[in-house]
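So the structure is just underneath, and the comments pick up after that.
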Amino acid sequence: MPPSGERRNENGVCVTEQQGRDAEGYDFRAIQERWLPVWDELKPFEVEGLGTGRPRKYVLDMFPYPSGDLHMGHAEAFCFGDVLARYWRGRGYDVLHPIGWDSFGLPAENAAIKRGVDPREWTYANIAQQKASFRLYAPSFDWSRVLHTSDPEYYRWNQWLFLKMYEKGLAYRKASWVNWDPVDQTVLANEQVLADGTSERSGALVVKKKLTQWYFRITDYADRLLDDLDRLEGAWPAKVLNMQRNWIGRSRGAEVEFEIEGREEKVPVFTTRPDTLFGATFMVVAPDSDLAAELASGASPEVRMQFQDYLAQTQKQTEIERQSTEREKTGMFLDHFAVNPVNGERIPVWASDYVLADYGHGAIMAVPAHDQRDLDFALKFELPVRVVVDVRDEDGAALPDPAESGVATSGDGALVNSGELDGLPKAEAIAKAIELLETRGTGRATTTYRLRDWLISRQRYWGTPIPILHGEDGEMKPVDPASLPVELPASEGLDLKPKGSSPLGAATEWATVEDPETGRTWTRDPDTMDTFVDSSWYYLRFLSANDDTQAFDPELVNAWGPIDQYAGGVEHAILHLLYSRFITKVLHDLGYLDFDEPFTALLNQGMVLQDGAKMSKSKGNLVEFASELSAHGADALRVTLAFAGPPEDDIDWADVSVQGSAKFLARAWRIADDIEHGGAPVGVSFDGGDTALRRATHHLLADAPGLVEAYKFNVVVARLMEQVNVTRKAIDSGAGIADPAVRESAEAISMILSLFAPYAAEDMWAKLGHEPTVALAEWPAAIPELLVQDEVTMVVQVDGKVRDKITVPASITAEEAEALARASRGMQRAVRDRQIVNVIVRAPKIVSIATKPA
RNA sequence: CCCCCCAUAGCCCAAUUGGCAGAGGCAGCCGACUUAAAAUCGGUAGAGUCUGGGUUCGAGUCCCAGUGGGGGGACCA
C-alpha cells in the first residue's frame, strides 16, 4: 500500500500530495530556524589543541575586510571553502576552519572620517553584522578562535613580528623615490600600484616622492620565493604561479664595468647578454639618473641646456605614455665617451628615456645588432651597428644584416668579431665572457630582479603603530617587547583627515616617551604598518587566538600547518600571497616554523557578475547577498553558487537559477520525508536492497571524493541531482519506498548534500532517524562489488565509425572480443569485401578495425 | 611584443584523461493538476565540439598554425 498522502495519477505514476500529511512541504525558513539553535548548542566545528588524534586538515578562507555587510563575492568564496572543510570532516579528518577579520585599513578610516565617527565604531559594527550574516549562511567555522587584526591583542604580535624583522636586519629605513597616493595621502608598496600607474585602492594616479620610509627586505628572499613556486605546481592555479614569477622577474646576466673618460669611478651596467660585449657600440643612461645629471653638468653649456630640456620632457610623461612600445626613440648625446673593457674601444654615451633609472644600474651597453630597442635607437641617431653573433634561420642561411633589415637578431649562433669568443655558441660565449670579465676585474656574473623591497609604512591612523622610538639626535631604538602593545591613541581630538603626515604624530602626549632611567626623551614613530603585514601571518594566530603569552604556539602551528587548503580571490595573486610566503619563510628561518610555504593548495574563486559586468551600485546591477539570503535561504544560494560552473570561473547571476536549486533541494528533501513515512527503518541492512539503485549509490560514493578534491563541485551537485532522480524513480515506479536501497541512497544524498546545503541535509538526516549532526557523519565506503559491471557494451568500429554495439561480459578476453566483433552483423555489413589491414582490441570496451579496398 | 588560461546544444556547463559527444540545470516544447493562470509534478526535442592542418585504427581530448575572449608582464637591458 502506498504511504498516506500519495496517490496515482492517470499514468499510474505515484505523485506526492502537497496538501497531504506534511502541509508545510519543504520550507527552508522553518528548517533554518529548526537547526540554527541546535548547532549553536552543539558547536560541532570547534576543535581543541591538537585535535582528537585523527588526521588533520587546516582549511582556510581569506578573511574578510569589514566594509559593510557580506556581499555575493563573500558568499561564493566562503561557500567553496566550506565545501572543502565539510568534505574533509566527512572523510574522517579533524578539520580546523577558523574565521577572523582583516579589520585595520583605509576603507574603515575613510568611512569613519566621512561620518565623523571613530574607526573602531564603524569597524566593529560591520564585524557584528557580518558575523550575524555568517551565522545564517552557516559556514562550518570554529567560532571559538575568532580574531580581528585591529584588536590590541592581535596587533601586539604584529609589533612583535616587526621587532623580530628589525632584529634580523630585515626591517630597515631608507630614503628613496616612493609611490605616493595623492588621494589617500599615503605611500604605497609597488604591489599596490596597478600596471597603468594608478592606486589599487583609491584609483588615483600615483606620483613619485622622495621620502624616508620603512621597508621589509623581501628581495633577500627573491630566489627562494621564485624557486619554491615549483613545489606549488599543480596545487596552485597556473595563473597565480605565472603572475608571481613575472612579478619577481629574475634575470640572470652579468655586471660589466665601463670606464668613462674624465670620471674616476667606473660605471656598472647590467646585461643578460655578456656574450655580445664586442658588439656594444654605444652606451645609454637614463635621463633621470644621477649619472646622467653628473655627466651633463660636466659638459658644454649647450649640452647642459639640451639636457635640462630633455629631462623635463621625460618627467612630464605619464606612465602610460612612457610605456607605449610603439613610441619613436628619443635621446641626446651627452658629450662623453666610455671605454669597452673587453676591447678598449671608445664608445659614445647617450641619454634616452628607453633606459629606466630604477632597473639595473640605470645605464646599459647598447648592442644594436642583437637588441631591437638598441637597433631602433642606433638607426634613428645613425650610430654604428656591428654583428657579433652569426644567427642562422632554420635552413642554415644567414639572417639579413640588422643594419639593413631593421630587425635585430637575438637567437643563438656562433660568435664573430669577438676576439677570444669567436666561434663559440651563445651559452658558452656567455660563460666565457663572464670568466674574462672576472679575471680582469671588470665585471662578474649577477642577477637582477623586478621585485623591490616591501614598503610597509603608511601615513594613516587605522593601523598597527610601528614600535620604534626616535631620539632627538636621529638615533632609533626598538620598543621593549615586554611593553607591547604600543596601543593606538584614542581618535578623539585627533584630525584623521589625510594630510600627508601621520595623524599619530599630532598626538603629542602619546608620541612623547620619557625614559625613566636616563630621563631622555624619545618620540614614537608616527607611521602605521601596511595592513598586508597584519594578514601575512594571521593564519598562524588562529592556532593561539586566545593566547596572551605568545604570537602563536610553535607546537600547534607545526602540527596543523601549513594550510592544507586555502581559498580566496585572485586579486591577491601577488600582494597577500607573496607577502605571506615571505613572512612564512622568515619565521621558518627564525626557527618558529617547520615549514616554509604557508599554503599547500590554493583555490581561486571567480567573480560573481550580473549581466556580464562586475556588480556595483552605480551600475544598478547589484545583487544583494542579504536579500538573496532572505528570499531563497542559505542552502539554495550555496547550491546555486556551487552548481553554476567550475569554481575558478566567473558566475553570471543572469545565467543561473536560484529557484532551480530550491526545486532540487525540495526534491531531495521529499525523499527523506517519504522514507520517514513508510520507508525501511533506520539501521536496516542494505544487503537485500535493489541492486540497480545500490549500484548508482555506490558509484556516487566512489566518485564524489575525487570530484570534490578536483574542485568539481558543479559536477558533484549534478551527480546528486542524478541520484535524486533515480531514487525518485525507484520509489515511484521501481523498488518502492520500503526498499532498503532507497534508504541507503537517501543517507548518501544527505551526507554529500551536507557539503552544499547544510540545513536541508540536516533535516533529511533527522527524518532518516539519525541524531545531529550529519556534518560529523563519516561517509560510508563504496562497496567494490557494486561498482563492477558484469556486462558492458562493447563498441565495434570500422574505419573510425561505430558499426555495432555488443553486450559482452566485462571479463571478456581480447580473442573472444575480436571473434565476436568479426562475427557481428554491423561489422560484416561495413567491411563487405574490403580487406582488413589492422585490428585493435581494447577488451571489453572497443574493437576497432581498419580496412582498405580489396 | 612576450607568457598563461579558455572556446562543446539558445544559455550555464559534463564527458572515466585517446575509445559510443551528454551527466545535470536554465530557457523551450508536450502532458498532469487547475474554472484559468502561476507554482508544482511527469515527459520530451535539441549541438558533432571556434577555423585550418597534423599524429593515430580512433581526437572534444595530443601536436602545429590561426581566429575570438580573459588574465599577467612589458622599452626590465
Side-chain angles (χ1 to χ4, degrees), chain A residues 9-11 13-18 25 195 237-247 249-251 253 269-273 276 284 322-327 329 352-356 358-367 371-374 376-377 448-450 570 573-574 606 639-640 643-646 648-652 654-661 663-664 666-667 670 699 703 706-707 712 714-725 728-729 732-733 793-805 836-842 845-851:
Chain A
N9 67 13
E10 284 167 12
N11 303 324
V13 174
C14 193
V15 295
T16 305
E17 175 57 69
Q18 289 298 299
K239 180 181 168 175
V240 176
L241 296 175
N242 183 34
M243 282 170 73
Q244 291 220 355
R245 288 187 178 116
N246 281 339
W247 188 260
R250 179 165 63 196
S251 176
V269 305
F270 175 73
T271 176
T272 55
R273 293 292 303 275
T276 62
V284 188
R322 201 185 58 70
Q323 284 186 358
S324 165
T325 328
E326 296 305 308
R327 214 161 50 101
K329 292 277 181 288
S352 174
D353 62 5
Y354 83 91
V355 173
L356 309 180
D358 58 359
Y359 186 81
H361 300 283
I364 62 156
M365 61 175 217
V367 185
D371 182 291
Q372 191 60 47
R373 295 155 303 182
D374 296 345
D376 293 343
F377 192 82
T448 59
Y449 304 88
R450 192 179 169 280
V570 73
I574 295 181
V639 167
T640 303
F643 183 56
E648 311 82 22
D649 288 6
D650 290 346
I651 297 172
D652 195 327
D655 291 333
V656 300
S657 166
V658 191
Q659 286 84 0
S661 304
K663 219 158 81 179
F664 156 66
R667 277 167 65 75
R670 254 189 330 267
H699 269 115
D703 294 347
L707 290 170
K712 295 186 175 185
N714 54 327
V715 183
V716 180
V717 174
R719 291 290 302 271
L720 280 167
M721 290 173 170
E722 208 179 338
Q723 187 68 19
V724 167
N725 290 346
R728 184 80 257 164
K729 277 209 180 84
D732 290 347
S733 53
T793 302
M794 184 175 79
V795 175
V796 180
Q797 278 186 2
V798 178
D799 295 325
K801 290 200 175 64
V802 178
R803 294 300 186 185
D804 214 335
K805 295 175 186 182
I836 293 176
V837 291
N838 196 4
V839 180
I840 281 93
V841 183
R842 294 283 179 273
K845 284 177 146 180
I846 194 165
V847 175
S848 181
I849 291 162
T851 68

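All figures in this text were calculated on a predicted structure; none of them were measured in a lab. Residue numbering restarts at 1 for every chain, and letters A, B, ... go by the order of the sequence lines.
No engagement by A:Arg803 is indicated, since no non-hydrogen atom pair under 4.0 Å with the nucleic acid exists. Contact annotation for A:Val837: no contact, since no heavy-atom pair falls under 4.0 Å across all strands. At the heavy-atom level, A:Gln797 lies under 4.0 Å from base atoms of the strands shown. Using a 4.0 Å heavy-atom criterion, one finds that A:Thr793 contacts the bases of the nucleic acid, with or without backbone contacts as well.
Atom P of nucleotide B:G70 and atom CD of A:Glu648 are separated by 19 Å, given to the nearest angstrom. In this structure, A:Asp732 places its CG atom 19 Å from P of B:A32, rounding to the nearest Å. A:Asn246 has its CG atom 18 Å from the P atom of B:C1, to the nearest Å. Summarising the geometry, the separation between CZ on A:Arg670 and P on B:A39 is reported as 15 Å, rounded to the nearest angstrom. At whole-Å resolution of the value, NZ in A:Lys239 and C1' in B:C3 are 13 Å apart. Atoms CE (A:Met721) and C1' (B:G24) sit 6 Å apart, rounded to a whole Å. As a whole-Å value, the separation of A:Gln372 CD from B:C2 P is 12 Å.
A:Phe377 meets the ring pair (Phe, Tyr, Trp, His ring centres under 6.0 Å) test with A:Phe282, A:Trp350, A:Tyr354, A:Phe381; sequence neighbours excluded. Taking A:Lys845 as the reference, nothing meets the side-chain contact (heavy atoms from CB on, under 4.5 Å) condition, with sequence neighbours excluded.
Comparing the P positions of B:U16 and B:U34 gives an interatomic distance of 46 Å, to the nearest angstrom. Going from the P atom of B:G73 to that of B:C29 covers 47 Å, rounded to whole Å. Annotation: B:A36 and B:U44 have their P atoms spaced 25 Å apart (nearest Å). Atom P of B:A9 sits at a distance of 24 Å from the matching atom of B:U17, rounded to the whole Å. B:U8 and B:U61 have their P atoms separated by 13 Å, with the value rounded to a whole Å. With C1' as the reference atom, B:G52 and B:A59 are 15 Å apart, rounded to whole Å. Rounded to a whole angstrom, the distance from the P atom of B:G42 to that of B:G25 is 10 Å. The gap from the P atom of B:G24 to that of B:A14 amounts to 15 Å, rounded to the nearest Å.
The nearest pair of heavy atoms linking A:Ile846 to A:Met794 is N-CG, 3.9 Å. The nearest pair of heavy atoms linking A:Tyr359 to A:Thr448 is OH-OG1, 3.0 Å.
The glycosidic torsion of B:U49 lies more than 90° away from 0, placing the base in the anti range. Classification of B:G48 as syn follows from a glycosidic angle within 90° of 0.
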Protein-nucleotides 12-16 of chain B N/O pairs closer than 3.5 Å?
from	atom 1	to	atom 2	distance (Å)
B:C12	O2'	A:Ala644	O	2.8
B:C13	O3'	A:Asn714	ND2	3.3
B:A14	OP1	A:Asn714	ND2	3.4
B:A15	OP1	A:Lys712	NZ	2.9

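Judged by distance alone with a 3.5 Å cut-off, no donor-acceptor contact links the side chain of A:Ser657 to the base of B:C26.
Phosphate proximity of B:G58 to A:Arg842: absent, as no side-chain N or O sits under 4.0 Å from OP1 or OP2.
Figure legend. B:U44 is base-paired to B:G28; pairs are counted as Watson-Crick or G-U wobble with both atom distances under 3.5 Å.
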